[in-house]
There are 2 protein chains.
Amino acid sequence: MAMNVDDAQPVSGRLPGVGPAPVLLFHSLADPARLAIVQLLADGERRVVDLTKELGLAQSTVSGHLACLRSAGLVDAHPHGRSTFYALARPELWPLLAAAEELLTASGTTTTLCPEHHRPEPVAVCGAAVRGCTMHHSGRH
Amino acid sequence: MAMNVDDAQPVSGRLPGVGPAPVLLFHSLADPARLAIVQLLADGERRVVDLTKELGLAQSTVSGHLACLRSAGLVDAHPHGRSTFYALARPELWPLLAAAEELLTASGTTTTLCPEHHRPEPVAVCGAAVRGCTMHHSGRH
DNA sequence: AGTTATCATCGGCATATGGCGATGAATGTT
DNA sequence: AACATTCATCGCCATATGCCGATGATAACT
């Protein structure tokens, strides 16, 4: 479930230099469960059990997905007591999801990947400063 | 090699609504070969043979990857004579890749996914209008 | 100490993925 | 007409992926 970074030659060995990092990043987002986790974490950090219940997946499965997201650097794990809290680690994720959403919209698909508060201004006639992309920790410790 | 759209219940059936489209999109980018193809096509459209040589992969493999990218709506196929030209179909892809690049940079990885002419302005003090993200067809028919 | 809760990790299993060569259709060339 | 080229598709195979239950470690609670 992991996809190691150290698998050297990605395909045949002489591909143009794409590097494993972007592949890992996109791979981590190329799964319904992981994408759902990201969306849930957008609302605030969660414990593994919480996600387990919200997703309807086995605990081991959720842990696996979280490990994947963590290896991609998208989430952070904060152990607290006997539970572990997971939270989004990269605010830069929202522009990415917004861009994906826009691409899909342009392709004719209606999708919602970003919560409203993380979407960029519709057009921004210029003047308004930085918006969206704010990390908000709704404490639960 | 395709990943069908009609596989209904993605994981267990009761996941929050993420929809198959974004998964398909990210999946299409989560492969070194396909990412390489995208980069090559950024420079202009290619035939399958061209990509086959440039990637060092079997023709059937390349065709498969192109089918995947096409099913994700990222590339278009223009049959011409006995060869087929493939070109990028979505200019909106560049903001996506730029966002991914930024995220990875923020994560500490140095990666280059967009050609310079497709990158957004470094900061854009405001004033300069729309830039980058232009589709350029360097004809070869 | 004993019990309960939470979670990471492991092994097993069914399926998906990505690689290849072979085949056949379509088209251009001789 | 015969041949060559290009490409989509198919079957095969090795590996990766995602799911689960079981196990064991850690920490809290009685």
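All chains are named by letter (A, B, ...) in the order of the sequence lines, taking the proteins before the strands, and each is independently numbered beginning at 1.
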Candidates dA8(D), dT6(D), dT6(C) - which lies nearest the side chain of V49(A): dT6(C)
Residue pair V38(A) / W94(A), side-chain heavy-atom distance below 4.5 Å: yes
Residue pairs involving residues 57-67 of chain A (criterion salt bridge (charged side-chain N to carboxylate O under 4.0 Å, His left out); sequence neighbours excluded): none
Interatomic distance where NE2 belongs to H80(B) and C1' belongs to dA26(C) [whole Å]: 15 Å
Heavy-atom check, side chain of L103(A) versus side chain of L74(B), under 4.5 Å: yes
Presence of R34(B) side-chain N/O under 4.0 Å of dG18(C) phosphate oxygens OP1/OP2: yes
Distance in angstrom units between E45(B) CD and dT6(D) P, rounded: 16 Å
S63(A) vs Q59(A), side chain to side chain donor-acceptor pair (under 3.5 Å): CA-CA, chis, key distance, verdict: CA-CA 6 Å; S63(A) 274; Q59(A) 176 260 318; 3.2 Å; yes
R47(A) vs dT6(C): side-chain N/O to OP1/OP2 distance below 4.0 Å: yes
Whole-Å distance separating the CG atom of L51(A) from the P atom of dC19(D): 14 Å
Using the 3.5 Å cut-off, write out each protein N or O paired with an N or O of nucleotides 21-25 of chain C and the distance between them.
unit_1	atom_1	unit_2	atom_2	d
dG21(C)	N7	S60(B)	OG	3.3
dG21(C)	O6	S60(B)	OG	2.9

Integer-rounded Å distance: dT17(D) P and L57(A) CG: 18 Å
Protein N or O to nucleotides 1-4 of chain C N or O, pairs below 3.5 Å:
unit_1	atom_1	unit_2	atom_2	d
dT4(C)	O2	R82(A)	NH1	3.3

Euclidean distance, atom NE2 of residue H27(A) to atom P of dA16(C) [Å, nearest integer]: 16 Å
Out of dC19(D), dG19(C), dT9(C), whichever nucleotide has its closest atom nearest the side chain of H65(B): dG19(C)
D76(A) side chain reached by L88(A) side chain, heavy atoms, under 4.5 Å: no
Between dC7(C) (C1') and D50(A) (CG): distance, integer Å: 12 Å
Inter-residue atom distance H80(B).NE2 - R47(B).CZ, 0.5 Å rounding: 11.0 Å
Flag side-chain contact, heavy atom, 4.5 Å: T110(A) against T105(A): no
Nearest-Å distance for atom pair CZ/P, residues F85(A) and dT26(D): 20 Å
N or O in side chain of S83(B) less than 4.0 angstrom from dT6(D) OP1/OP2: no
V48(B) vs L66(B) side-chain heavy atoms within contact, under 4.5 Å: yes
Position toward the 5' end of DNA chain D (nearest nucleotide), V62(A) or G81(A): V62(A)
Gap separating the CD atom of E101(B) from the OG1 atom of T109(B), nearest 0.5 angstrom: 11.0 Å
In one Ile/Leu/Val/Met/Phe/Trp/Tyr side-chain cluster, 4.5 Å: L51(B), V49(B): no
Distance below 4.0 Å between Y86(A) side-chain N/O and dT6(C) OP1 or OP2: no
I37(B) CD1 - dC7(D) C1' separation (whole Å): 14 Å
